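Structure first, then comments.
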Number of protein chains: 4
Amino acid sequence: MSTGYVYHELYGWHDTGTHAGLLPADPRRGLQPFRHFENAEAKRRVHELVVATGLVDRLTRLAPRPATDEEILLVHTPGHLARLVAANDTGGDAGDGGSPFGPGALDIARLATGGVIRAAEAVVDGEVDNSYALVRPPGHHALSDVGMGFCMLANIAIAVSAVRASRGVERIAVVDIDVHHGNGTQAAFEDDPNVLTVSVHQDRVFPPDSGFVTERGTGAGHGYALNLPLPPGTGNGGYLEAMRRVVLPALHRFRPDLIVVAAGFDANPVDPLARMMVTAGGYRQIGRMLLDAAAELCDGRIAFAHEGGYDPVYVPFCAHAVIEVLAGVEQPFEDPFGVNFDNQGQQELQPHQETAIEAAEKLVAEIG
Amino acid sequence: MSTGYVYHELYGWHDTGTHAGLLPADPRRGLQPFRHFENAEAKRRVHELVVATGLVDRLTRLAPRPATDEEILLVHTPGHLARLVAANDTGGDAGDGGSPFGPGALDIARLATGGVIRAAEAVVDGEVDNSYALVRPPGHHALSDVGMGFCMLANIAIAVSAVRASRGVERIAVVDIDVHHGNGTQAAFEDDPNVLTVSVHQDRVFPPDSGFVTERGTGAGHGYALNLPLPPGTGNGGYLEAMRRVVLPALHRFRPDLIVVAAGFDANPVDPLARMMVTAGGYRQIGRMLLDAAAELCDGRIAFAHEGGYDPVYVPFCAHAVIEVLAGVEQPFEDPFGVNFDNQGQQELQPHQETAIEAAEKLVAEIG
Amino acid sequence: MSTGYVYHELYGWHDTGTHAGLLPADPRRGLQPFRHFENAEAKRRVHELVVATGLVDRLTRLAPRPATDEEILLVHTPGHLARLVAANDTGGDAGDGGSPFGPGALDIARLATGGVIRAAEAVVDGEVDNSYALVRPPGHHALSDVGMGFCMLANIAIAVSAVRASRGVERIAVVDIDVHHGNGTQAAFEDDPNVLTVSVHQDRVFPPDSGFVTERGTGAGHGYALNLPLPPGTGNGGYLEAMRRVVLPALHRFRPDLIVVAAGFDANPVDPLARMMVTAGGYRQIGRMLLDAAAELCDGRIAFAHEGGYDPVYVPFCAHAVIEVLAGVEQPFEDPFGVNFDNQGQQELQPHQETAIEAAEKLVAEIG
Amino acid sequence: MSTGYVYHELYGWHDTGTHAGLLPADPRRGLQPFRHFENAEAKRRVHELVVATGLVDRLTRLAPRPATDEEILLVHTPGHLARLVAANDTGGDAGDGGSPFGPGALDIARLATGGVIRAAEAVVDGEVDNSYALVRPPGHHALSDVGMGFCMLANIAIAVSAVRASRGVERIAVVDIDVHHGNGTQAAFEDDPNVLTVSVHQDRVFPPDSGFVTERGTGAGHGYALNLPLPPGTGNGGYLEAMRRVVLPALHRFRPDLIVVAAGFDANPVDPLARMMVTAGGYRQIGRMLLDAAAELCDGRIAFAHEGGYDPVYVPFCAHAVIEVLAGVEQPFEDPFGVNFDNQGQQELQPHQETAIEAAEKLVAEIG
Ligand SMILES: [Zn+2]
Ligand SMILES: [Zn+2]
Ligand SMILES: [Zn+2]
Ligand SMILES: [Zn+2]
């Protein structure tokens, strides 16, 4: 078992400034300068935990390279790339007013996208069995012509397009477990029946008006976008049921040649940017299910790309658990918060969660 | 309308150290040093917002004084006080292993408790119409013989006992809207029919095993403890319904001489330590309902004591909204996050939330 | 004895962003995002110490108001004001590329300048005996047509001009003990014989090419600018000798009607932005000398305006010592670092420092 | 040319808590909680810069291992080791009240010491040509029976003893360019004529009463300890003269088999913990001189161990410059602060600095 691992210290240098969490600081609006929710800490601490526990010694370090213009333009418009190029010396915003960056950010964003490409290519090429790209900034909200939701470039959509172009991979399934809707990835492939996008997320957090179960892809792609909006407050029970009844069946029907996972950990029980309760133990099981599905369906070819996850303290344990699964670690490192978080009230599946799951479950049969 | 306001810069000096959120940093457990969830930022920023918007000019500053041993011993055992005295030169933990403090912390804790006493006394004495004590450390988890959940002294329980002793106030209702169960306050008065404790909280977050609807007080106090554990994911709709169907009816049946509010803002939509979605707008309405109830029931005598609330960015807007209500501000300062948070999915009352509310509603009739 | 004290929480909201100390973060130049040396901490902590020790109870709080356009234009060009107005919605730089600010910063800068005006007026009006304006951003580097060195508006120069205009004060001496050259104040009055500017600073730190002993004012103002550039490494001994042999004699010859002190504390022994070693004890003596001079020369009329000082830990003790002197505190609060810093090597006057002092001493005789 | 490089993310996990710079936070002493001057930032940012510029690709990563009890006891008393073992579960202080640490710190300290050992061994073994160990906590103040000045274990003294024991290296010269006196290393070898310790430092900063030019070693070691206390305010000129007239001649007389450098960068122009002005350019030249000396004297065998340096912004550029020299980089990465810092006043050699240098220069002739 070999697991590729992408990380670069420059990912932590992406500068989201002194925002008051989500909004630019401004005394006139009562917004005292602070830090952006999307800052370097959570991701840097994932990497440091991976090193501190020795897990890194079980991994194969893969060096990222910058994504090229050609790769970026597989998904984005020339206008969007030009926008980012133009602002690269001064810093600016990726286009939605909520995705700030500093000077040189495009260089870092290219390295993030290139890291996901590298992780996917290494799996397809058999260089490693599976892989984890711990990149920053995230990507799954970026649309073809505009950045969005802290995302500058559509890391995963670009990587999917790149490995299809360069490696001839035909069918790719993207499973997005980030707590927010993977709208950018969905949009990139909405009319493409060869890319299945499945997004399990909290109902209408971000973007505020997408991710409905009724969004199913368009044209030839109809049926190949699948959304499961879960109610706020869903924990391990609901998420695992969603995996069992929606995500895994969808993968089995689609029979991908490669699975790419949008590995957001913002469904954790202390994340500021959502209201879910998935613990490191829950993520471990989700990771295991996805790995098993890959084993059954596509010779184990699965690549994870890090997306959201904003609590600097707990995200590391969630991501670490998933990377342990990828690496086949048999004695997992203990989650010191597990005794608390695993036992919080209503971690188990609730009836109103089951209702939401059933709505998506019905659509699975129409895949393929 | 005059509103008393207690704040002291020393509240920000209470030192919870470099914990990894909740647990002591320890490389052997994978716990990289960081900051405690309960640090100075959220409260200091509440105060700074109150100043920055000019709201402070509508308030009457009340200077806190340290709570005396006599006052503390109204609720706590000599053993607990001795524990805190013993550790005051070195720092230590308030007793449960999760309530760290630094040298001199007892001095600050006394000032916090004394601040709540001051705020309550000023209302009872008619010095102000109502009041807000923005104190730290919090208090509602502290038990008679041990600190707990970041709490060193039971600020509110001590203040309630103190105003009863010094001012002869007979019947006091404590409404605890902190997202965690107000177990300490409940325990302090569990057999006392003259103190009604009502706690609306998220089901089993903290403490992990209390706050059940079945906890109703003991002996003569049976019926005078009321708990409403709401499901994770509850937003403005559920909270306002809980106010209308449980909290306000309970206050009307009890007919207090004074209302004390445990004003935790950790039910906000980005708080790390719970999974609720009450926005500044929601808190404003809750504050308004409580103020109106006080007006009807006890000549407006109501004192708020700050408890939890851990997101440094948004807690200020939540607390500011409540203080504006107390001060009778007619043109509220706009919540810049409102447009996002007020419209997140499932903010409205959900059926499974209503079920939880109904269970508590049934018990209200037995009060008084 | 009454001492006016100006502080506003908004001073801490001035946003200097994520600079790498002095330079904009930029991965291409190796500049990882961090914090600006000139951030809120040092000043906020001065205020918090003043409150924590109870010193604030000896002071008369003076509320600052924003400086008006008219006041600003007493010193600055319309072009500079227009520059700041234009950038007030987006944030920008005050003109030299090293003075960053965020949205709404001009509002804060006006409040800082207005705070110094308020402190000076209160002294002139006899409302208080003396005063201390703890403001931010600083001002003494700002030139008429451009901000500079973290300064947006020339706080002191404007205040001096304003009290001369509004109160008819004739002769004002500005003593600048900030470790950097008070070039902006000097420039504002370089040809004015009624404003004496004395600057004691480290030789060529900032600005890199001004503050020479040969800069003496121009035209009618010749002789009324006095500069004492001290060698790096100067401690209490050198500074006190500089006071005795240069600053105090200059004040005595000039016989001002009001003394304004540019109270920078960046000559402290742990400041990052200079290499001096003046301790809280040293600052206390400097403050005492200036207060005594004011008593002898101008009925005690002296107003202090806070300028630089960048170590968040020690600046508070330095400023606190000076404010204690102003307030006539007899039992000073102990500097906990004094035992270390007061005894570091070469705190006493060194021969090469004396040489520098003598060069300036010779010029004093030509004043007046 | 191959250069070994030791770094481990756990070095950043050493927890010095919420000290007010140097002293434990305590409201009663006016000490607001903050961060310790010796925190992870400066060192972590050195490593990140080494990665960000690509310099890491020119280096040979050497994995550190924990120092064993046997190695530690080569320098320390069993009592000191027992003290650290006893406090390893709770955290504590290394013995002087100014060297705080958290739980598990001994594990990290062992890894730091082991990193220096590894770096030295790799050079002696010819595995690499030279090496740089970027470790934390530092070590050069630790005495045999007590930690001191942020140091838990005497990293360099232990490494020197270890390579002498394990590799039979006979004569080792330790050059300590940290701005504080290398008292611990000196003490470890004070009576040993086979270990030359040379320390160039600021006169009496820390420890307050050691590092005098008159300290020359004891017994057989007389003459083999050499101290050059420079006046505060010394810049590149003074340091380079000190290298030319004292350090290099001493090395040439001693003719070591291995040079170990205590590479502190706290003589930089913005360091809080000293008052010197050595820029990255100055450090580059110092590094070059030492490397050249090693080439001439001991086949290039030189190992650098990171010690102090407390400004998180500029220390990285200083250390990076030295590592570039070791690695033989021909196109150095530009110091973006150089244009400012290199030209500050009195960077060139001053007469009073020369006097101090001459006092040490006279002693060189007496070395073996
Ligand atoms: Zn997300
Ligand atoms: Zn709470
Ligand atoms: Zn200055
Ligand atoms: Zn040092």
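These numbers come from a predicted model, not from an experiment. Note that these values count all heavy atoms, side chains included, but never hydrogens, waters or copies made by symmetry. Letters A, B, ... are given to chains in the order of the sequence lines, protein chains preceding strands, and every chain is numbered from 1.
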Rounded distance (nearest 0.5 Å) linking atom CG of Asn39(D) with atom OG1 of Thr18(B): 11.5 Å

List the atom of Pro33(D), the atom of Trp13(B), and the distance in Å for their closest heavy-atom pair. CG-O, 3.2 Å

Identify which of Gly30(B), Gly102(B), Ala40(B) forms the greatest number of heavy-atom pairs closer than 4.5 Å to chain D. Gly30(B)

Which portion of Asn88(D) sits near chain B, non-hydrogen atoms under 4.5 angstrom: both

Residue, of His14(D), Arg28(D), Arg29(D), that accumulates the most heavy atom pairs under 4.5 Å with chain B: Arg28(D)

The side chain to side chain contact (heavy atoms under 4.5 Å, CB included) partner of Pro27(B) among Asp107(D), Asp15(D), Ile108(D) is Ile108(D)

